[in-house]
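Read through the structure below, which is laid out as structure tokens, and then see the notes.
Note that the structure is a prediction, hence the values are computed from the model and not measured.
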Amino acid sequence: MTLSARALQLCVHVGCLLVMAVTLCVLLILVASVQYSDGTLHFASYYRDHMVLQKSPEKAVLWGYGPEGAQVTLLLSGPINQSSSPVTVTKGIWRATLDPVEAGGPYTVTALIQGDKATLTDVLFGDVWLCGGQSNMYFKTSQIFNALEELALAAKYPHVRTFMVALNQSETELTDLIQVELPWSVPTARHVAGFSAVCWLFGRYMYENLKYPIGLVESCWGGTPVEAWSSSRALQQCGLEPSQDSPKERNSVLWNAMIHPLLNMTIKGAIWYQGEANTVYHQDTYNCSFPTMIDDWRMAFHQGSGWQTAHDFPFGFVQLSTYKKDSTDDGFPNIRWHQTADIGFVPNPRMQKTFMAVAMDLPDESSPYGSIHPRDKQDVAHRLTLGARAVAYNEPDVPFLGPFPNLILSTPVYVNITYDQTVSVTPSKDIFEICCSRIKAPCGRKSRWIEVPIMQWGRTTVQVSAKVCELTDEVAAIRYAWRDWPCKFKACPIYSSSGILPAPPFIINRYPPNGNVWISY
């Protein structure tokens, strides 16, 4: 057991009720956070053999520890050779930046001082993706549908490398990780079995498209809200104060321990699967806290890497799947909407260079891990891959967005929805709901919503009935798939023309705030 683990365990056993115990816990954890700084030359915790460093045009950043005042030179040997300018160890830490290196390898990286050296072997250059979130990102490859077949493929992808951050918390921002759960590894069935399924599948699918190395960094924790992964400055922008809730809900404790230590590393982008915890915790502020967290991560990684990680690095996320069948609670649909900053799709003006995998059509009622943990992670990863290809890699003509309304036309008899692309439609009696009102105001969660059938459809249009409204009322809003469990497996009523990309849920009001697409007759 590491010193940090003993410290945390001690805090639990004594309850941290006494001032002396609290002081001891803090001191032990602080000591643990600098346990690597013992005066010898070595790399930081997440630089190890078999790792992937970010390829050109970005520059890879490496750092570590050494004797105070020593001059450290980095040597790169392999398909190409290079030597960095010497850097000075200051306060026990050195940091150096390589010149851009094209994808490939293997390389040996050596940190050199007079009389000592530290070496990394079998290092590849490619794209590094950070995978974060809660339990559906933590969900292991061994738990998915067709797990045995997937694990049998692992060894065929030696250029997709994996690394996992251990679960730890901190009340202060740490420089390095307290622990590593899985060091950088060449994939085997055993290693991949315990690794994030969404992260692994995304990396494998991207490798099949890019044909060069992919590095995957898993840093996630089940049952955690977005506030735990956000810095205090990000939360302040959304009016959120420090919390005294359960440990996994305390603001910033996972940002401090599991994200902040990674900031020096150059990355290509991030993918994220989280939000279930916020259906019951600060739900109404998620439309601020989630996009603000993305902005803050981008700023922090850009600065932390010495401006090597892009200031607007691509950020993909999974829109929530399902939990409770026949539930009338609107927590899941509200968070799905808030995940897009209440716009309904991404990228959008508030969330630029983002991409989203819609997952509400992938329920799993019989999942042995609970229905909140669907086992079909292959489709999730595939949809993320489409978004990454289009948004992160600017690949032309890659469809990655499901259909979304760009015009609503209403009469007393029907509401006609025009979509921004060709749609594939199957009949439904209840997937659409309308809000009838006598006042010119937005409809919300407390309004009366009435299920209405699809009457007919065309190449880009869907028409639903409006006859349920009384003569003195008008259709004031319409919403689609606004429930926890809106449809059966891959059987929502509206998809892209290919039948692959589901239309995301939406709520559109005739009157402000989002009635600009509405025309009435």
Side-chain angles (χ1 to χ4, degrees), residues 1-8 23-51 53-54 58-77 81-99 101 107-121 123 128 163 165-166 168-180 183-184 217 219 231 255-267 300-309:
M1 182 182 293
T2 66
L3 181 58
S4 60
R6 288 198 296 270
L8 290 170
T23 304
L24 177 60
C25 288
V26 170
L27 287 174
L28 285 174
I29 292 173
L30 286 175
V31 169
S33 70
V34 296
Q35 61 184 301
Y36 297 104
S37 183
D38 58 2
T40 63
L41 178 69
H42 54 285
F43 289 91
S45 63
Y46 47 88
Y47 295 94
R48 288 293 182 268
D49 297 344
H50 315 301
M51 76 174 302
L53 291 172
Q54 182 58 40
E58 292 81 26
K59 300 177 181 179
V61 178
L62 294 100
W63 70 279
Y65 306 92
E68 190 68 20
Q71 295 289 299
V72 179
T73 301
L74 277 184
L75 303 177
L76 182 70
S77 58
N81 300 315
Q82 65 170 268
S83 175
S84 74
S85 300
V87 294
T88 304
V89 177
T90 305
K91 296 182 179 179
I93 293 175
W94 58 267
R95 177 172 131 164
T97 304
L98 293 172
D99 291 333
V101 178
Y107 286 89
T108 297
V109 181
T110 303
L112 191 66
I113 62 174
Q114 186 173 3
D116 198 4
K117 66 179 181 179
T119 302
L120 307 177
T121 61
V123 174
V128 179
F163 175 89
V165 176
N168 281 289
Q169 305 169 43
S170 174
E171 296 294 338
T172 58
E173 293 181 341
L174 301 183
T175 302
D176 202 354
L177 298 173
I178 296 173
Q179 292 170 294
V180 170
W184 282 102
V217 178
S219 184
S231 71
W255 157 265
N256 292 338
M258 298 176 66
I259 299 297
H260 188 271
L262 305 175
L263 296 184
N264 288 342
M265 180 172 52
T266 310
I267 65 172
F301 272 94
H302 181 58
Q303 292 185 0
S305 64
W307 302 278
Q308 297 308 313
T309 298

Quiz item: Taking C-beta and beyond as the side chain, do His42 and Tyr47 meet within less than 4.5 Å on heavy atoms?
Solution: no

Exercise. Check Ser219 against Met258 and note the closest heavy-atom contact, atom names and distance.
Key: OG-O, 2.9 Å

Quiz item: Do Leu74 and Val109 come close enough that some side-chain heavy atom pair is under 4.5 Å?
Solution: yes

Quiz item: Which atom pair, heavy atoms only, marks the closest approach of Ala257 to Leu174?
Solution: CA-CD1, 4.1 Å

Quiz item: Is there a donor-acceptor pair closer than 3.5 Å between any side-chain N or O of Thr121 and the backbone N or O of Asp49?
Solution: no

Practice problem: List the atom of Arg95, the atom of Gly306, and the distance in Å for their closest heavy-atom pair. | Solution: NH2-N, 3.1 Å

Quiz item: Hey, are the side chains of Val217 and Trp184 touching, using non-hydrogen atoms and a 4.5 Å cut-off?
Solution: yes

Quiz prompt | Gap between atom CG of Leu262 and atom OG of Ser45 - 0.5 Å precision | solution = 7.5 Å

Self-check item: Considering all heavy atoms, the nearest Ser83-Thr73 contact
Solution: OG-CG2, 3.4 Å

Quiz item: Under a 4.5 Å cut-off applied to non-hydrogen side-chain atoms, are Trp94 and Leu41 in contact?
Solution: yes

Quiz item: In Å, rounded to the nearest 0.5 Å, how long is the span from OG of Ser84 to CG of Leu62?
Solution: 9.0 Å

Self-check item: Side-chain (Ser170) to main-chain (Asn256) donor-acceptor, under 3.5 angstrom
Solution: no

Quiz item: Listed by chain and number, what are the side chain to side chain donor-acceptor pair (under 3.5 Å) partners of Gln82, not counting sequence neighbours?
Solution: none

Exercise. For the residue pair Asp176 and Tyr46, establish whether any side-chain heavy-atom pair is separated by less than 4.5 Å.
Key: yes

Self-check item: NZ-OG1 distance between Lys91 and Thr175, expressed to the nearest 0.5 angstrom
Solution: 10.5 Å

Self-check item: salt bridge (charged side-chain N to carboxylate O under 4.0 Å, His left out) involving Glu68 - partner list, sequence neighbours excluded
Solution: none

Quiz item: Which distance, rounded to the nearest 0.5 Å, do you find between the OG1 of Thr110 and the CG of Leu120?
Solution: 7.5 Å

Quiz item: Going through the distances and angles, do Val101 and Tyr107 end up as a side-chain contact (heavy atoms from CB on, under 4.5 Å)?
Solution: CA-CA 11 Å; Val101 178; Tyr107 286 89; 3.6 Å; yes

Quiz item: Which residues pass the side chain to side chain contact (heavy atoms under 4.5 Å, CB included) test with Pro183, sequence neighbours left out?
Solution: Val180

Practice problem: Ignoring hydrogens and angles, tell me if any N or O in the side chain of Ser305 forms a donor-acceptor pair with the backbone of Thr309 under 3.5 Å. | Solution: yes

Quiz prompt | Sole residue of Thr88, Val87, Asp116 in side chain to side chain contact (heavy atoms under 4.5 Å, CB included) with Val72 | solution = Val87

Exercise. Enter the distance from Phe43:CZ to Met51:CE here, rounded to the nearest 0.5 Å.
Key: 9.5 Å

Quiz prompt | Partners meeting ring pair (Phe, Tyr, Trp, His ring centres under 6.0 Å) with His260 (sequence neighbours left out) | solution = Trp255

Practice problem: Mind checking the NE2-CD spacing from His302 to Gln308? Nearest 0.5 Å is all I need. | Solution: 9.0 Å

Quiz item: Which heavy atom in Leu177 sits nearest to a heavy atom in Pro261, and how many Å separate them?
Solution: N-CB, 3.5 Å

Quiz item: Looking at residues at least two apart in the chain, or sitting in another chain, which of them share a side chain to side chain donor-acceptor pair (under 3.5 Å) with Thr108?
Solution: none

Self-check item: Leu112: partners by side chain to side chain contact (heavy atoms under 4.5 Å, CB included), with sequence neighbours left out
Solution: Leu75, Lys117

